[in-house]
Amino acid sequence: MTAPGTRAGTPAPADTDDDLDVEEALALVREPREPRPGAAPAPRTEHAHGEPSAHRHRATPWPQARETAARAARSGGRRAPVSVPLADALGLTLAAPLDALTDLPPFDTSAMDGWAVAGPGPWDVRADRVLAGHAQPAPLTDGEAVRIATGARVPADTTAVLRSEHGRLDGQGRLHPAREVVHGQDIRPRGQECRSGDQLLPVGTLATPAVLGLAAAAGYDTVTAVPRPRAEVLVLGDELLTEGLPHDGLIRDALGPMLPPWLRALGVEVTAVRRLGDDAKALQKAITSSTADLVVTTGGTASGPVDHIHPTLERIGARLLVDGVKVRPGHPMLLARTKENQHLVGLPGNPLAAVSGLLTLAEPLLRTLAARPAPEPYALPLAEAAHGHPYDTRLIPVVLRGDAAMPLHYNGPAMLRGIAAADALAVVPPGGAQQGAETELLDLPWAAAGIEVFFT
């Protein structure tokens, strides 16, 4: 959670394991409590735009916020497919069926090193050899054999391939089988895997390494795919350093180095990373001139004196889709439609709060833009009890140990020590979760198995 005026990478003033400092103060604004008997009514705080703070902080429930982000990506309609070389297609979604352009195998081939033989043995062995990558060899006659390599084209009239370890040569150079020879053994017949024109994979298939290998085998140089989403990162805050140790009220920027590779791990092309400081005019120019599918900002989403996100979005006529989420850390995140086919995700400035916003709003939106299916939800029991917020969902870094998830310490909104060691984030419901409670988990892109990591 970011206090008003707290910027990207700035620690909260009293960051503790239970998030009940500035986070709780804003909870009291959002969730008015009954006054004590005889107490005077609390004054209604007004924001710079004349809106009551209770209205400004009317947050969206966490599951609904994720659904809103995915729905926002669909609102722009289907994105035009592109033709992508196989070397650049990893992680993209196929926008056209993958139909075989050839038979696989394209001709009868040997499945083993050994001899191609014709008829019953023993066989006279030809002096030549049949190697992979060569033209059609001369046919065999009954009683004849020829040395053959794996993947080589089988001579016409071959009965079977006899593996090297299953044959022996006598003193006259004749080949004898060490076991029964079955017709067609160790021969991969033409079209065994598919025939030309067969559909190998449907629209919507994720281009994994194996898919790219199959496409190449089937004759493709390129595939037709949904284009990779493009994102631009705008880092805000006058107090941020890009190198060296903190000094004189200046601190290191943690989000500038973290967000671009995280977005790339989600399969996104990061087109630019800009450090704008606390300059409202520069922020407006950067947003309005961006051609990315998604603009990601860091900090400035609250209502402090240099928090320019809300006023800027109002000036450019953007439509706020999510203005605050009932999640800890990261409540003051937001999602806006800035153009017909462009959105902005405003992340809080505290680092772990920004991670929360990234997974809550940016990930569902980008995944939907890429036409990738949502991961199947899963849950594991907690190895220890997890403290919860009274009203909001809480995201806590965990490590996976066997069949349980172990909550990590250092999980305050300004801390990255926990998430740096984590395998996932546990979705802790309001009120917390006891030891052994089944709890939903959100995998981190580099911790998930398989094709979930796309560092482009």
Side-chain angles (χ1 to χ4, degrees), residues 1-4 6 11-34 42 45 52-70 299 301-303 307 310 320-335 345-364 377 379 382 384-398 405 407-415 418-419 422 424-434 437-442:
M1 178 69 186
T2 306
T6 302
D15 192 22
T16 65
D17 211 28
D18 57 9
D19 286 358
L20 295 180
D21 48 335
V22 179
E23 297 268 358
E24 272 305 321
L26 285 180
L28 293 175
V29 174
R30 286 199 328 284
E31 304 286 347
R33 297 179 181 176
E34 291 296 323
T45 303
S53 61
H55 174 73
R56 169 70 72 178
H57 293 288
R58 188 175 298 152
T60 303
W62 182 78
Q64 183 180 331
R66 301 193 84 216
E67 294 169 4
T68 300
T301 56
S303 55
D307 288 337
H310 281 96
L320 273 174
L321 305 176
V322 174
D323 190 7
V325 177
K326 293 183 178 181
V327 66
R328 304 303 175 101
H331 162 74
M333 66 182 74
L334 62 84
L335 170 65
V345 168
L347 301 178
N350 277 322
L352 188 58
V355 169
S356 174
L358 192 66
L359 294 179
T360 300
L361 297 177
E363 188 276 335
L382 292 176
E384 294 180 357
H387 169 75
H389 186 271
Y391 316 111
D392 297 348
T393 299
R394 191 166 184 230
L395 302 181
I396 297 179
V398 295
L408 293 170
H409 299 290
Y410 305 106
N411 54 30
M415 297 181 177
I419 193 69
L425 286 174
V427 182
V428 178
Q434 298 301 314
E438 291 279 329
T439 306
E440 180 184 354
L441 298 179
L442 299 178

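Nothing here was measured: the structure is a model prediction, and the numbers come from that model. Numbers here are sequence positions counted from 1.
Of all non-hydrogen atoms in Leu361 and Ala65, the two that sit nearest each other are CD2-O, 3.7 Å. Of all heavy-atom pairs between Pro407 and Ala385, the closest is CG-O, 4.4 Å. Contact between Ala354 and Pro348 at its shortest, heavy atoms only, is CB-O, 3.5 Å. Contact detail for Asn350 and Pro413: the closest heavy-atom pair is CB-O, 3.1 Å. Across all non-hydrogen atoms, the minimal contact from Leu335 to Ala69 is CD2-CA, 3.7 Å.
Every residue meeting the side chain to side chain contact (heavy atoms under 4.5 Å, CB included) condition with Ala70, not counting sequence neighbours, appears here in chain and number order: Arg74, Pro364, Thr368. Contacts of Pro63 classified as side chain to side chain contact (heavy atoms under 4.5 Å, CB included), with partners at least two apart in sequence or in another chain: Pro61. Residues satisfying the side chain to side chain contact (heavy atoms under 4.5 Å, CB included) test with Glu438, not counting sequence neighbours, are Ala379, Pro381.
With a 4.5 Å cut-off on side-chain heavy atoms, Ile419 and Leu408 do not count as touching. Contact annotation: the side chain of Thr360 approaches that of Trp62 to within less than 4.5 Å [non-hydrogen atoms, C-beta and beyond]. By the 4.5 Å heavy-atom criterion applied to side chains, Val322 and Leu334 are not counted as neighbours. Considering only heavy atoms from C-beta on, Val355 comes within 4.5 Å of Leu425 through its side chain. Counting heavy atoms from C-beta outward, Met415 and His409 have side chains that stay 4.5 Å or more apart. Taking 4.5 Å as the limit, every side-chain heavy atom of Arg66 sits out of range of all side-chain heavy atoms of Val327. Between His310 and Ser303 the shortest side-chain heavy-atom distance does not fall below 4.5 Å.
Of the possible donor and acceptor atoms, none in the side chain of His331 sits under 3.5 Å from a partner among the backbone N and O of Lys326. Judged by distance alone, with hydrogens and angles left aside, the side-chain atoms of Thr301 form a donor-acceptor pair with the main-chain N or O of Pro332 at under 3.5 Å.
Summarising the geometry, atom CD1 belonging to Ile396 is positioned 9.0 Å from atom OG1 belonging to Thr439; distances are rounded to the nearest 0.5 Å. Once rounded to the nearest 0.5 Å, the distance linking CG of Leu382 with CG of Leu441 reads 8.0 Å. Rounded to the nearest 0.5 Å, atoms OG (Ser356) and CZ (Arg328) are 10.5 Å apart. The distance from the CE atom of Met333 to the CG atom of Leu347 is 7.5 Å, given to the nearest 0.5 Å. Note: Asn411 CG to Arg394 CZ = 4.5 Å, rounded to the nearest 0.5 Å.
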